[in-house]
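Can you read through this structure? Questions will come right after.
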Amino acid sequence: AFVGTIGGIVLAEEMCSIPGLGQDLLEVVLPRGRTGSPSWRDEMVLIPMVPQIVPRVDLKGNAVYITPPRGLLDLSYVREEKVRIRGFLPPAKDDEGV
């Protein structure tokens with residue numbers, strides 16, 4: 001069954017500073033729109049790239065097959081991009097000078 005689309009790969013070196021410890025992770029986008037279509041409510045989940053969970057990668061078919069343990073797909077998160085807006089406001093007045 002379709003779960004989602006791969007949004008990126010998180011390398012083990014980015015998650016752990018000890019060489020050889022940890023594994024690469026697939027960042028999978030779980031569509032939350034109507035009928036499984038993408039929407040602003042999409043969530044993401046990190047899938048460890050280990051043979052027990054990712055037994056098959058089909059490069060010709062552009063598909064990755066997973067056998068996730070129970071609960072893995074429930075550990076989702078929402079990517080929030082923070083935007084800093086600068087305005088042209090006058091400097092704040094000091095409370096003592098009022």
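Remember, predicted model here, so these are calculated numbers, not experimental data.
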Over all heavy atoms of both residues, which pair between Gly22 and Ala12 is shortest? Give the atoms and the distance, please.
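Taking Gly22 first and Ala12 second, the nearest heavy atoms are C-CB, 4.0 Å.
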
Do Met15 and Val10 make a side-chain contact, defined as non-hydrogen atoms from C-beta onward lying under 4.5 Å apart?
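Sidechains of Val10 and Met15: in contact.
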
Kindly work out whether a path of hydrophobic side-chain contacts (I/L/V/M/F/W/Y, heavy atoms less than 4.5 Å apart) joins Leu59 to Met49.
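Yes, Leu59 and Met49 fall within the same hydrophobic cluster.
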
Taking atom CG of Leu30 and atom CG of Asp74, what is their separation to the nearest 0.5 Å?
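Answer rounded to 0.5 Å: 9.5 Å.
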
Spatial distance of atom CG (Leu26) from atom CD1 (Ile66) [nearest 0.5 Å]
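So the gap between those two atoms works out to 8.5 Å.
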
Any side-chain heavy-atom pair of Val29 and Glu27 under 4.5 Å
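Val29 does not reach Glu27 side chain to side chain.
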
For the student: nearest non-hydrogen atoms of Leu46 and Leu72, plus distance
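Nearest heavy atoms, Leu46 then Leu72: O-CD1, 4.0 Å.
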
Please report the shortest heavy-atom distance between Gln52 and Thr67, naming the atom on each side.
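Result for this residue pair: O-OG1, 3.0 Å.
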
Any chain of hydrophobic side-chain contacts (each under 4.5 Å) joining Val28 to Tyr65?
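No.
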
Please say yes or no: joined through hydrophobic side-chain contacts below 4.5 Å, possibly via intermediate residues, are Ile18 and Leu25 part of one cluster?
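The answer is no; the residues belong to distinct hydrophobic clusters.
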
Has Ile9 got more than 12 heavy atoms of other residues, nucleotides or ligands less than 6.0 Å from its CD1?
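Counting other residues, nucleotides and ligands, CD1 of Ile9 stays at 12 neighbours or fewer.
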
Group every Ile, Leu, Val, Met, Phe, Trp and Tyr by side-chain heavy-atom contacts under 4.5 Å, then state whether Val50 and Val57 land in the same group.
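Linked, Val50 and Val57 end up in one cluster.
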
I want to check something: taking the side chain as every heavy atom from C-beta on, are Val64 and Asp58 in contact at a cut-off of under 4.5 Å?
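Side-chain contact under 4.5 Å: no.
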
Nearest heavy atoms of Pro48 and Val54, plus distance in Å
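That closest heavy-atom pairing would be O-CG2, 3.6 Å.
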
Roughly how far, to the nearest 0.5 Å, is the CE atom of Met44 from the CD1 atom of Ile6?
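Answer rounded to 0.5 Å: 12.5 Å.
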
